[in-house]
Student: 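First the structure, then my questions, so here it is.
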4 protein chains.
Amino acid sequence: MNRREREKQRRRKEILLAAMTIFAEKGFDTATLDDIAEKAEFSKGAIYGYFKSKDDLFLSLIEEGLNNLSEIIKSVVESSSSPIKQIEDLIQKIFVYLEKNKDFFRIFAPERGGFTEKKHPEALKRILPKHQKNIEMVTKVMKEGIRMGKLKKVEPRVLTFTLFGIIHSSIGRWVMEGEKGALKRDVKAITTIFLDGARR
Amino acid sequence: MNRREREKQRRRKEILLAAMTIFAEKGFDTATLDDIAEKAEFSKGAIYGYFKSKDDLFLSLIEEGLNNLSEIIKSVVESSSSPIKQIEDLIQKIFVYLEKNKDFFRIFAPERGGFTEKKHPEALKRILPKHQKNIEMVTKVMKEGIRMGKLKKVEPRVLTFTLFGIIHSSIGRWVMEGEKGALKRDVKAITTIFLDGARR
Amino acid sequence: MNRREREKQRRRKEILLAAMTIFAEKGFDTATLDDIAEKAEFSKGAIYGYFKSKDDLFLSLIEEGLNNLSEIIKSVVESSSSPIKQIEDLIQKIFVYLEKNKDFFRIFAPERGGFTEKKHPEALKRILPKHQKNIEMVTKVMKEGIRMGKLKKVEPRVLTFTLFGIIHSSIGRWVMEGEKGALKRDVKAITTIFLDGARR
Amino acid sequence: MNRREREKQRRRKEILLAAMTIFAEKGFDTATLDDIAEKAEFSKGAIYGYFKSKDDLFLSLIEEGLNNLSEIIKSVVESSSSPIKQIEDLIQKIFVYLEKNKDFFRIFAPERGGFTEKKHPEALKRILPKHQKNIEMVTKVMKEGIRMGKLKKVEPRVLTFTLFGIIHSSIGRWVMEGEKGALKRDVKAITTIFLDGARR
DNA sequence: CATGAATGAGGATTCATTCAT
DNA sequence: GATGAATGAATCCTCATTCAT
């Protein structure tokens with residue numbers, strides 16, 4: 001990648017960063033390209049050189065976040081640790097990531113967020129597979145835990161969603177309460193609760 | 001309440017119902033009053049006889065849902081059962097309610113949903129207190145459980161949010177997977193997981 | 001006119017009165033039938049039993065005012081006084097009338113008021129003739145004064161409009177300055193100024 | 001001011017001009033932005049790049065007119081002529097201005113025009129001060145005339161409003177009679193009438 | 001007759017997107 | 001490439017008028 005390319009990538013990142021902030025503050029519909037352009041210190045027109053629409057900008061954001069999560073999850077599930085240890089690692093690493101990227105958390109709510117079946121089917125088509133891939137990876141860990149008799153014999157996806165639900169609500173609480181205190185403080189409690197609950 | 005009044009209330013409900021469906025399908029911003037009016041089989045103008053703005057319509061919806069949840073929670077926490085039993089009842093009843101009102105679930109996401117601090121502060125002022133009251137009621141149960149040595153010695157609000165997180169993600173999964181199968185099937189699993197996790 | 005009729009007329013007057021107040025406060029377009037209905041303590045629908053449209057209501061108001069002015073002017077110009085005395089009487093009586101009916105004054109501005117050639121030609125067709133009749137009556141007095149060598153030899157309509165202009169601006173000032181002090185106080189000054197100006 | 005800026009100002013003027021015509025034809029409320037946009041040969045949206053609302057557009061128009069009048073009045077009252085001569089000059093110059101800007105005249109009616117205390121208090125706040133400044137400047141001339149024993153010993157503001165009233169009614173007549181004949185023809189008559197009336 | 005709920009056309013305003021400079 | 005003015009479709013909301021009760 002030559003300098004040209006690198007420059008372009010860097011500017012793309014800057015726009016994404018600005019967009020993240022604005023989307024997190026105002027939500028997808030309420031945020032305007034003017035807001036984003038101002039924050040990014042680019043002209044509105046310039047943004048269209050990097051993203052082909054507002055939707056595309058937003059979806060790129062989500063995609064990037066999901067890719068990052070994917071990296072994190074992959075790094076854990078491909079380790080040789082036991083399922084229990086992997087779950088501990090997952091909680092810990094996802095927490096750290098979301099604490100640093102709380103805007104991503106605020107933007108992303110796949111199960112009911114801004115983009116809906118009815119109005120944005122192609123948007124979902126672009127995002128959901130990535131989300132589901134992440135879910136799948138975690139579910140595999142759960143399955144293995146069950147197979148090894150370490151986890152309760154329930155539908156493994158129930159465990160996955162429970163795990164994600166706990167993490168989300170935990171961060172939601174943190175955001176709601178004004179982001180005071182380190183989020184990490186809760187990791188231990190959360191981990192114990194989940195593991196005691198999931199364990200056989 | 002005379003016939004006039006009753007009729008008026010009935011029509012209000014009809015509009016709320018239509019609005020619920022549309023908001024759930026498209027989200028607050030994407031939903032238009034035309035959509036809602038058409039669904040409700042009223043003219044656009046008529047809706048303004050019942051609600052003073054789109055915001056008001058939406059918030060009324062949320063309020064009603066929160067009030068219903070409030071009733072449910074109150075009926076449980078005011079019973080004489082033990083905290084553990086109350087938690088079991090809560091999960092069971094909230095599940096039943098949300099299964100029947102899944103649109104409400106899709107609409108309501110206080111910690112990041114459509115209305116944001118920056119753009120709709122008064123909207124939040126109208127909703128958040130009700131939400132927090134519900135959280136408070138549940139948190140009291142958790143506190144009592146902790147006091148009695150039945151639940152882990154953690155910040156009680158962590159337990160409350162964990163509970164809500166599990167419920168939400170569970171319904172989210174149900175919605176995402178196309179709402180096949182009875183949601184109630186999961187209640188038992190969820191209950192066990194949460195209680196095993198929360199218990200001391 | 002039987003009781004039925006009289007009742008009807010009385011209610012019509014009540015509505016006109018309420019309408020006058022509202023139109024004066026908000027102007028023709030900004031005033032709504034809801035405002036007027038509330039002020040009149042009638043239902044919106046009822047008003048349509050007395051006037052066939054908002055335009056009609058407004059025009060009826062103007063017409064009534066112009067008719068009253070017409071009566072006043074006629075009573076003066078048909079007297080046997082000299083033109084100069086008639087002018088004095090006109091000023092005095094019109095002032096008294098407009099002071100008591102300042103809302104009419106605020107509503108009526110034939111040369112540029114709410115109704116315009118382009119948008120309300122038929123409205124003007126209904127009003128302008130009455131207005132012009134009043135102008136004509138006064139102009140006759142001016143003509144006579146000129147013929148008798150009492151007034152300056154200028155286009156008589158110039159004198160008429162000058163007279164009206166002085167009266168209007170005088171009331172305008174009174175309204176603008178918060179309607180404090182009796183308007184009548186100015187009559188003498190105005191009369192002298194106009195007569196000294198118009199006299200040969 | 002560079003070309004960019006100049007272009008922008010020119011387009012702003014064009015929009016103001018179109019708006020002036022439309023507002024004069026139809027009045028503030030009846031005029032629509034579509035009308036104005038069409039006349040200005042701009043898109044509706046473009047107008048919002050120059051004015052932040054219909055109100056703002058209208059008020060800018062009034063403001064500009066008042067500023068122009070202000071310039072005219074100032075140029076006269078700051079001359080070293082006698083008060084009588086200044087009054088003559090005022091009448092002459094204001095006539096010339098309003099004849100060229102009869103639309104401004106039709107739009108502007110501060111004492112009862114479109115904007116009312118009840119409905120547009122901030123609009124009045126923006127306009128009235130300028131109007132009153134103009135009145136004040138003229139009133140000073142009247143005061144000086146009185147002090148020098150040239151004008152009648154009456155409340156000076158009465159003279160000011162009388163002057164404006166005569167001018168307005170005169171132009172009103174001209175407009176009403178179809179704008180035939182030069183307005184200037186009347187200036188002499190008006191001047192004599194006013195001065196003879198006002199003089200001691 | 002009176003009422004006031006319902007209608008629906010109409011208008012101000014916003015904003016994603018385009019494109020001339 | 002970048003800019004930001006212009007576009008115009010889209011949407012909320014208002015209100016004169018009608019009409020069932």
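Numbers restart at 1 for each chain; the letters A, B, ... are given by sequence-line order, proteins then strands.
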Student: Using a heavy-atom cut-off of 4.0 Å across all strands, would you classify B:Phe51 as base, sugar-phosphate, or nothing?
Tutor: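 If one applies the 4.0 Å heavy-atom cut-off, B:Phe51 turns out to touch nothing in the nucleic acid.
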Student: Could you give the CZ-to-C1' distance, from A:Phe42 to F:dG1, as a whole number of Å?
Tutor: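 Roughly 10 Å, once rounded to whole Å.
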Student: Can you check the B:Leu57 CG to F:dT11 P distance for me, whole Å?
Tutor: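 After rounding, the gap between these two atoms is 16 Å.
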Student: B:Glu38 CD to F:dC12 P: how many Å, rounded?
Tutor: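 So the CD-P distance, B:Glu38 to F:dC12, works out to 14 Å.
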Student: Write down the distance between NZ (A:Lys26) and C1' (E:dC15), rounded to a whole number of angstrom.
Tutor: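 For the pair A:Lys26 NZ and E:dC15 C1', the rounded distance is 13 Å.
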Student: Once each nucleotide of nucleotides 14-21 of chain F is scored for protein heavy atoms under 4.0 Å, what B/S/- sequence comes out, 5' to 3'?
Tutor: BSSBB--S
Student: Distance from A:Met20 atom CE to A:Ile62 atom CD1, nearest 0.5 Å?
Tutor: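 Reported value, rounded in 0.5 Å steps: 8.0 Å.
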Student: Using a cut-off of less than 4.0 Å, is there contact between a side-chain N or O of B:Tyr50 and OP1 or OP2 of E:dA5?
Tutor: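 So the side-chain polar atoms of B:Tyr50 never come under 4.0 Å of the phosphate oxygens OP1 or OP2 of E:dA5.
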Student: Should the pair C:Lys54 and C:Phe23 be classed as cation-pi, given the thresholds of under 6.0 Å to the six-membered ring centre and 45° from the axis?
Tutor: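 So C:Lys54 doesn't make the cation-pi contact.
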Student: Would you say E:dA2 has OP1 or OP2 under 4.0 Å from some side-chain N or O of C:Ser43?
Tutor: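 Looking at the OP1 and OP2 atoms of E:dA2, neither is under 4.0 Å from any side-chain N or O of C:Ser43.
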Student: Quickly work out the D:Glu14 CD to F:dA5 P distance and round it to whole Å.
Tutor: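 My rounded result for the distance is 16 Å.
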Student: With a 4.5 Å cut-off on side-chain heavy atoms, are C:Glu14 and C:Arg10 touching?
Tutor: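 Counting from C-beta outward, C:Arg10 and C:Glu14 do come under 4.5 Å.
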Student: Whole angstroms only, please: what is the CD1-P distance between D:Ile47 and E:dA12?
Tutor: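 In whole Å, E:dA12 P lies 10 Å from D:Ile47 CD1.
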Student: Using atom CD of D:Glu7 as one end and atom C1' of F:dA5 as the other, report the distance to the nearest whole Å.
Tutor: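 Rounded to the whole Å, the gap is 11 Å.
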Student: Has the side chain of A:Asn2 got a donor or acceptor atom that lies under 3.5 Å from a matching backbone atom of A:Glu5?
Tutor: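 Yes, the answer is positive, given that a donor and an acceptor are paired below the 3.5 Å cut-off.
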Student: Only pairs with both distances under 3.5 Å count, Watson-Crick or wobble alike; so what is the partner of E:dA20 in this structure?
Tutor: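 The base-pairing partner of E:dA20, which may sit in any strand shown, is F:dT3.
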Student: Quick check: on DNA chain E, is the nucleotide nearest C:Gly49 upstream (toward 5') of the one nearest B:Lys8, or the reverse? Name the residue that is more 5'.
Tutor: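 Whichever sits nearer the 5' end wins; that is C:Gly49.
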Student: Would you check if the side chain of D:Lys39 reaches a backbone N or O of D:Ile15 as a donor-acceptor pair within less than 3.5 Å?
Tutor: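 No; zero donor-acceptor contacts below 3.5 Å.
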Student: With heavy-atom distances below 4.5 Å as the criterion, would you say the side chains of A:Tyr50 and A:Gln9 are in contact?
Tutor: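 Result no, sub-4.5 Å side-chain heavy-atom pair not found.
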Student: For the pair made of CD1 in D:Ile15 and C1' in F:dT7, what is the distance, rounded to whole Å?
Tutor: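 Going from CD1 in D:Ile15 over to C1' in F:dT7 covers 13 Å.
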Student: Go through F:dA2, E:dA6, F:dT7 for me and flag the one nearest to the A:Arg11 side chain.
Tutor: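 Of the options given, the side chain of A:Arg11 lies nearest F:dA2.
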Student: Under 3.5 Å, side chain of B:Asp56 to main-chain N/O of B:Lys52, donor-acceptor pair present?
Tutor: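 The answer is yes, because a donor-acceptor pair under 3.5 Å joins these two groups.
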